[in-house]
Amino acid sequence: QVQLVESGGGLVQAGGSLRLSCVASGRTFSVYRMGWFRQAPGKEREFVAAISWSGGSTYYADSVKGRFTISRDNAKNTVYLQMNSLKPEDTAVYYCAGGVGAYYSTGAKMYDDWGQGTQVTVAS
């Protein structure tokens, strides 16, 4: 089993930046896709960004494209989400997700492992 632990959330003013990190430990696979999802109060969990095992392919939700950047360091078993130009509507609990496979995926069902989430609050 793989454990995912997120960090880096917090309170930031609109227009500010945050960098989320997610460290994987335990049974890590040779190929492992990773992604970020978020859930705002009263809303369903939604896809934010995903990255392939090699890091060569990434995909973003339209709502964050051009503002967020996903990256990974496989030597450190870590995936990052750099969030710039934050908006109040980005307020949510952000979850790191991982699953066996080389290619990125936008579907939550393609991920087997989930972190506990980290709160991001953007004040207007």
Between W53 and R72, does the side-chain contact (heavy atoms from CB on, under 4.5 Å) criterion hold? Intermediate values first, please.
CA-CA 9 Å; W53 162 247; R72 66 189 298 165; 3.4 Å; yes
Audit row: D90, K87, salt bridge (Lys or Arg N to Asp or Glu O under 4.0 Å) steps and yes/no:
CA-CA 5 Å; D90 293 318; K87 304 175 181 180; over 6 Å; no
side-chain contact (heavy atoms from CB on, under 4.5 Å) between V12 and T121, intermediate numbers included
CA-CA 6 Å; V12 64; T121 303; over 6 Å; no
Mind running side chain to side chain donor-acceptor pair (under 3.5 Å) on D73 and T78 for me, showing each step along the way?
CA-CA 5 Å; D73 184 341; T78 302; over 6 Å; no
Checking side-chain contact (heavy atoms from CB on, under 4.5 Å) for the pair Q119/Y94: CA distance, chi angles, key distance, verdict?
CA-CA 6 Å; Q119 177 70 47; Y94 283 71; over 6 Å; no
Is there a side chain to side chain donor-acceptor pair (under 3.5 Å) between N74 and Y32 once you walk through the steps?
CA-CA 10 Å; N74 287 344; Y32 195 67; over 6 Å; no
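For the atom pair S105 OG and K109 NZ, the distance stands at 11.5 Å (nearest 0.5 Å). The distance from the CD1 atom of I51 to the OG atom of S71 is 6.0 Å, given to the nearest 0.5 Å. Rounding to the nearest 0.5 Å gives a distance of 5.0 Å between CZ of F68 and CG of L86.
When all heavy atoms of Q82 and S17 are compared, the pair lying nearest together is NE2-CB, 4.0 Å. Taking all atoms of both residues into account, the shortest heavy-atom contact from L20 to W36 is CB-CH2, 3.7 Å. Listed here is the closest heavy atom pair of Y103 and R33: O-NE, 2.6 Å. Pairing each heavy atom of V23 with each of K76, the nearest pair is CG1-O, 4.4 Å. In terms of heavy atoms, M34 sits closest to C96 at CE-SG, 3.6 Å. For the pair D112 and G99, the tightest heavy-atom approach, listed with the atom from each and the gap, is OD2-CA, 3.8 Å.
Cation-pi check for R19 over Y80 is met; the charged atom lies under 6.0 angstrom from the ring centroid and within 45 degrees of its normal.
The hydrophobic cluster containing V2 also contains V31, counting ILVMFWY residues as joined when their side-chain heavy atoms lie under 4.5 angstrom apart, directly or transitively.
Checking I70, T69, V64 one by one against L81, the side chain to side chain contact (heavy atoms under 4.5 Å, CB included) holds for a single residue, I70.
For the pair E46/R38, a side-chain contact is recorded, criterion being any heavy-atom separation below 4.5 Å from C-beta on. S124 has its side chain out of reach of E89: every pair of non-hydrogen atoms, C-beta onward, lies at least 4.5 Å apart.
The 12-atom threshold is exceeded at NZ of K65, counting heavy atoms of other residues, nucleotides or ligands nearer than 6.0 Å.
Using a 4.5 Å cut-off between side-chain heavy atoms of Ile, Leu, Val, Met, Phe, Trp and Tyr, Y59 falls into a hydrophobic cluster with F37, F47, V93, Y95, Y104, M110, Y111, W114.
Using a distance-only test at 3.5 Å, with no hydrogens or angles considered, a donor-acceptor pair links the side chain of E6 to the main chain of Q116. Between the side chain of T91 and the backbone N or O of V122, at least one donor-acceptor pair lies under 3.5 Å.
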